[in-house]
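Every number for a ligand or one of its atoms is a count from 1 in the order of the listing. The figures that follow rest on heavy atoms only: side chains count, while hydrogens, waters and symmetry mates do not. Please read these numbers as outputs of a predicted model, since none were measured by experiment.
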Amino acid sequence: MSEASLQAGSALRLAVAALAGHLSRYEPLPALIADHDDIEALLQSPDNPALRQTANEYLKEINRLLESSDIYVMTPDGNTVAASNYGMPGTFVGQNFNYRPYFQDAIAGRQARFYALGTTSLKRGYYFSSPVEVAGKILGVIVFKVDIDSIESSWRGGEYKIFVADPEGIIFMTGSPEWLYSGILPLDAPRLARTQTSRRYAEAELKPLPATESVYHGQHLMQIPGGGTTREYLRLSHYMPEADWTVNVLLDTASVRTQARTALVAILLFICLAALGVAVLWQRRARVEERLRLQEETRNELERRVEERTADLALVNEQIELEIAERRLTEQELRKTQGDLIQAGKLAGLGQMSAALSHEFNQPLAAAKSYADSAALLIDRGRVPEAQDNVRRISNLIDRMASISRHLRNFARKPNEKLGPVPLPEVIADTLEIVAPRLRSADAELVVELSGTDLTVKAGPVRLQQVLVNIVSNAADAVEGLDDRTIVLSAFRSESGIVVEVHDRGAGVPAAIAERIFDPFFTTKGVGKGLGLGLSISYNIIKDFGGNITVRNHPDGGAVFSIVLEASAPSREAAE
Ligand code: ADP
């Protein structure tokens, strides 16, 4: 309402300014015209028809120029002697307007203004009057009537209802024609009497406007019935003292209320939207917080698990370290045991061999004994040449026994030898010397096949010899008592190194035990015949050389023991 009141205030100011502007244009004119010679002349002799005519013409001309409604001249008794509308129907000439306040004021020597409904023309107008003075004497009055229709018509159909009311509350000008001559104040007798005196509204019928007024928060509200409904208006008024009227501006509160309602709805909507926005934000924040909380929980859980795992791992690590330490210890023990085993195996081999050797030694010893006995007899009998022959035979026998003994010594030596280039043919020849008695007892034939000239391997000669003795002895065991007792010992070069193979024509190694024959104490031979150490020792010796020993069955039958050794450049001094 306050805002509407401000707007209505502007409209009111505009209306007041327009009215004041419109009227002030004409204000100085009556005095100006009053000074005119023709007018003064006329009033000096009002009945002179020529002067009347001149004045009439003059007034008509001026009225046309100034676009005023009417201009007329009155004598001091109120009779109109000249008018711009002379000779026209309803002319003011001959009319008496002495009841009008503007006449009474002017004849009293004052300039006056008045608004009224013309009693003759029945046209509303605004009157300016001025006395006509000649030589200090008031001879008459000149009146200037201004049309107000043009201003009034500009008020029609606007947003605001504008009306002008006189001091008695009667509407004189209005954009709503139905309100004209209606009283917004009660039309009581004194008011009617005052109006009647000036005949301001001539014969027009005055009626009360059934309006009620109220004050709402300092704003003047007016309820006016019309068109079947009662409309409420916000009323602002301004009293114009120079015109002696009040300009009123009415603004229909329906539009204000609609606006207020729209604004209220908009505000409510905005509040709802804002609340919704806040709710959405709040929810989003809650969601984000929830997510962060979940992430935090997950991270904590993860950290907890990682700690658990780390602890587990540390435990496992500790156990592994313990196990590694144990393994190392076990390995050391194993090495030591293996070393012991090699030695033990060697001693066992010695034991076995000593049985065979005793046989070998006994025979030449017995032969040497009988040769010696018979040599003594032959010398006694003087058969010296025969005795000498006996002595030579004894010497030969001793040589043979010495050779056997030498091999035995080699075999028993500790294996602290260094690895170096070993010529295979020499080792094989030494081996043959040692295994010859065993081969003979088994009635086996050993065929040696050496292909290529440069068959030097990286090994220890004594230990390699030990390995070969073991394998050839096993082969002899395998073929003993069979029809084909051939054993082939071959050596050749291959991509992986130098290969030594021992192939017999025996029963071969059954697949079920092929894996285990290199294990210590694994033997298929009867008690007293085998210790099960030979292949195990051989296996370890070949591994020490960085080589490999395997067994397979030959397609033609029999086992093939295959030893692969690293080839080496021949060097005499390294070999023992
Ligand atoms: P031993 O000869 O005292 O039994 P080895 O370790 O030398 O101990 O041999 C282990 C086992 O390997 C033998 O008992 C035998 O069953 C098998 N074996 C070795 N050489 C041959 C071969 N040439 N033919 C068939 N079996 C063999």
Side-chain angles (χ1 to χ4, degrees), residues 334 337-357 411-412 415 427-428 431-432 434-449 462-491 499-545 547-564:
L334 193 70
T337 312
Q338 276 173 353
D340 292 350
L341 268 178
I342 292 170
Q343 200 53 25
K346 205 182 292 173
L347 290 175
L350 266 179
Q352 276 181 316
M353 234 179 309
S354 61
L357 282 170
F411 193 76
V427 178
I428 290 171
T431 305
L432 288 184
I434 293 173
V435 295
R438 176 70 195 111
L439 288 174
R440 245 195 324 275
S441 69
D443 195 14
E445 184 197 357
L446 182 75
V447 181
V448 177
E449 292 174 356
V462 177
R463 282 185 289 167
L464 182 57
Q465 188 183 315
Q466 187 182 350
V467 171
L468 291 179
V469 166
N470 272 331
I471 290 170
V472 174
S473 299
N474 277 344
D477 289 347
V479 297
E480 190 168 12
L482 298 179
D483 290 345
D484 189 350
R485 295 178 298 277
T486 313
I487 299 168
V488 180
L489 194 161
S490 53
V499 184
V500 183
E501 277 188 354
V502 178
H503 174 205
D504 62 56
R505 303 288 163 92
V509 181
I513 61 162
E515 291 283 319
R516 296 167 57 203
I517 59 170
F518 295 104
D519 292 348
F521 301 111
F522 178 83
T523 178
T524 56
K525 294 165 192 170
V527 181
K529 284 190 174 169
L531 282 172
L533 283 171
L535 285 181
S536 145
I537 292 166
S538 305
Y539 183 86
N540 284 311
I541 290 170
I542 296 300
K543 284 286 160 194
D544 280 349
F545 294 166
N548 202 13
I549 175 167
T550 52
V551 64
R552 65 177 194 272
N553 287 318
H554 198 276
D556 298 341
V560 181
F561 281 84
S562 177
I563 299 166
V564 183

Need the ligand 1 atom indices (1-based, order shown) with element for anything under 4.0 Å from a heavy-atom of Gly508.
25 (C)

Residue part near ligand 1, for Asp504, under 4.0 Å between non-hydrogen atoms:
side chain

Thr523 heavy atoms within 4.0 Å reach ligand 1 at atoms 1 (P), 4 (O), 14 (O)

Pick, from Pro510, Ala478, Gly534, Ala476, the option with the minimum heavy-atom distance to atom 24 (N) of ligand 1.
Ala478

Proximity flag Ala507 to ligand 1, non-hydrogen atoms under 4.0 Å
no

Mind checking what makes side chain to side chain contact (heavy atoms under 4.5 Å, CB included) contact with Ser441, not counting sequence neighbours?
Arg438

Residue portion contacting ligand 1 (non-hydrogen atoms closer than 4.0 Å) for Phe518
neither

Ignoring hydrogens and angles, tell me if any N or O in the side chain of Asp504 forms a donor-acceptor pair with the backbone of Ala559 under 3.5 Å.
yes

With sequence neighbours left out, what residues match Thr337 under side chain to side chain contact (heavy atoms under 4.5 Å, CB included)?
none

Is any N or O atom of Phe561, backbone or side chain, closer than 3.5 Å to an N or O atom of ligand 1?
no

Shortest non-hydrogen pair, Val469 vs Ser473, comes out as O-OG, 2.6 Å

Taking all atoms of both residues into account, what is the closest heavy-atom pair of Ser562 and Arg552, and its distance?
CB-NH1, 4.0 Å

Parallel, tilted or perpendicular: rings of Tyr539 and Phe518 (30°, 60°)
tilted

Purely on distance, is any nitrogen or oxygen of Asn474 under 3.5 Å from one on ligand 1?
yes

